[in-house]
Protein chains: 2
Amino acid sequence: MLRYICTMGIVRRTKSVDAILEEFKINSGAISVVSLVDQLSSRFNKTTVYRVLDRLEEDGILHSFLGKTGIKWYAKCSGCSASEHHDVHPHFQCLSCGKVDCLTVNVRIPSIPNRKVEASQILLQGQCEACLV
Amino acid sequence: MLRYICTMGIVRRTKSVDAILEEFKINSGAISVVSLVDQLSSRFNKTTVYRVLDRLEEDGILHSFLGKTGIKWYAKCSGCSASEHHDVHPHFQCLSCGKVDCLTVNVRIPSIPNRKVEASQILLQGQCEACLV
DNA sequence: TTATTAATGCAACTGTGTTGCAAATGTAAA
DNA sequence: TTTACATTTGCAACACAGTTGCATTAATAA
């Protein structure tokens, strides 16, 4: 009974779920919601795209973050589940081609006196492999 | 001839410029544009607030960054000018009281193979001094 | 096959930020 | 002080990302 195991996110395997997961299979990097809505606009309503992405994130299949301009991006999670989310890695946005992806490097956050750091969002920008001349 | 020295940002010392700088004198941390527009709504139009903040940033008096939800925050620069911007420090947002400020710590960004990192935005979240029980 | 309920589409909305333009205001020079 | 004029402002309308309510559609357990 799928619905009891997974009460928060995806319950039914619908065409939109498949289509969105397919996009993340084709594109190994991160995808902005804007481009995803645009890409799928002939087949699905933008509200649907937003809601499916929400549910996939709840299930730990995707994770989201904001790009430089504040728009939302999603990328596949690796090693995450609905209960545990291990994605505190940095993201990298290429200033030439615009491509965004996850970095596997670990950025050490120094301990801050008198504060408790509980989460971090790190966005790096520069030139990606393909754009480095 | 002020207007020739400083062609990009603030040229005239107007009431709105004074009022906004005053807010940053009162509040030592970062201030979100939303709260600033709200705070000053009886005296200035929101467009004016946005434009003055833009100009103060151009002159290197303030710097801006995005909070967790993608809204814009401004904080006073220290050691910056219109030509050189030294603010690549992390920002800290308290999850309890919502206060945001600049951290003086240096986060070392490890070099990423085959990529050139040119900029970084680091937002840390947790408990600030006042909220740490 | 049917009953149930999750998922969808649509339209209208929210919130943040932007633009064009006429009117107001600050400032250099007379 | 007054004048001249570019900068700054307010306003209204817009742009854009994302959300909400609700009736309809479709996936799935039985």
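The analysis underlying the following values was restricted to heavy atoms, covering all of them including side chains, and did not include hydrogens, waters or symmetry mates. Each chain gets a letter, A, B and so on, in the order its sequence line appears, and its residues count up from 1.
Looking at the side chain of A:V11, the nearest of the listed nucleotides D:dA27, D:dG18, C:dA6 is C:dA6. Set against C:dG17, D:dA17, C:dG26, the side chain of B:K15 has C:dG26 as its closest nucleotide. The side chain of B:I71 lies closest to C:dT16 when the candidates are D:dA27, C:dT16, C:dG9. When each of C:dG9, C:dT27, D:dA27 is scored by its nearest atom to the side-chain atoms of A:T14, the top-ranked nucleotide is D:dA27.
In this structure, the CZ atom of A:R13 is 20 Å from the C1' atom of D:dT25, given to the nearest Å. In this structure, A:F44 places its CZ atom 20 Å from P of C:dA6, rounding to the nearest Å. As rounded to whole Å, 14 Å separates atom C1' of D:dA17 from atom CH2 of A:W73. In this structure, the NZ atom of A:K46 is 12 Å from the P atom of C:dA11, given to the nearest Å. A straight line from CG of A:D38 to C1' of D:dG18 spans 16 Å, rounded to a whole angstrom. Taking atom CG on A:N45 and atom C1' on C:dA7, their separation rounds to 12 Å, with Å as the unit. Nucleotide C:dG9 holds its P atom 11 Å from the CZ atom of A:R43, rounded to whole Å. Rounded to whole Å, the distance from OH on B:Y50 to C1' on D:dT8 is 18 Å.
If you check every strand for non-hydrogen atoms under 4.0 Å, A:K72 touches sugar and phosphate atoms only. Residue-level contact check: A:T47 touches the bases, meaning some heavy atom is under 4.0 Å from a base atom. Across all strands shown, B:V37 has no heavy atoms under 4.0 Å from either base or sugar-phosphate atoms.
Side-chain contact between A:V33 and A:Y50 is present, with at least one heavy-atom pair separated by less than 4.5 Å. Residues B:T48 and B:V52 have side chains in contact (heavy-atom distance under 4.5 Å, counting atoms from C-beta outward).
Judged by distance alone, with hydrogens and angles left aside, A:R55 brings no side-chain donor or acceptor close enough to the base of C:dA7 to form a pair under 3.5 Å. A:R12 contributes a side-chain N or O that forms a donor-acceptor pair with the base of C:dT5 under 3.5 Å. Side-chain N/O atoms of B:R51 and base N/O atoms of C:dG17 include no donor-acceptor pair closer than 3.5 Å.
For the residue pair A:Q121 / B:Q121, no side-chain donor-acceptor distance below 3.5 Å is found, with atom types taken as modelled.
Checked by atom type and distance alone, the side chain of B:K76 never pairs as donor or acceptor with a backbone atom of B:S28 at under 3.5 Å.
Across the interface with DNA chain C, nearest-nucleotide mapping of A:T48 and B:V34 shows A:T48 to be the residue nearer the 5′ end.
Note: B:H91 and B:F65 have parallel aromatic rings, judged against thresholds of 30 and 60 degrees for the angle between ring planes.
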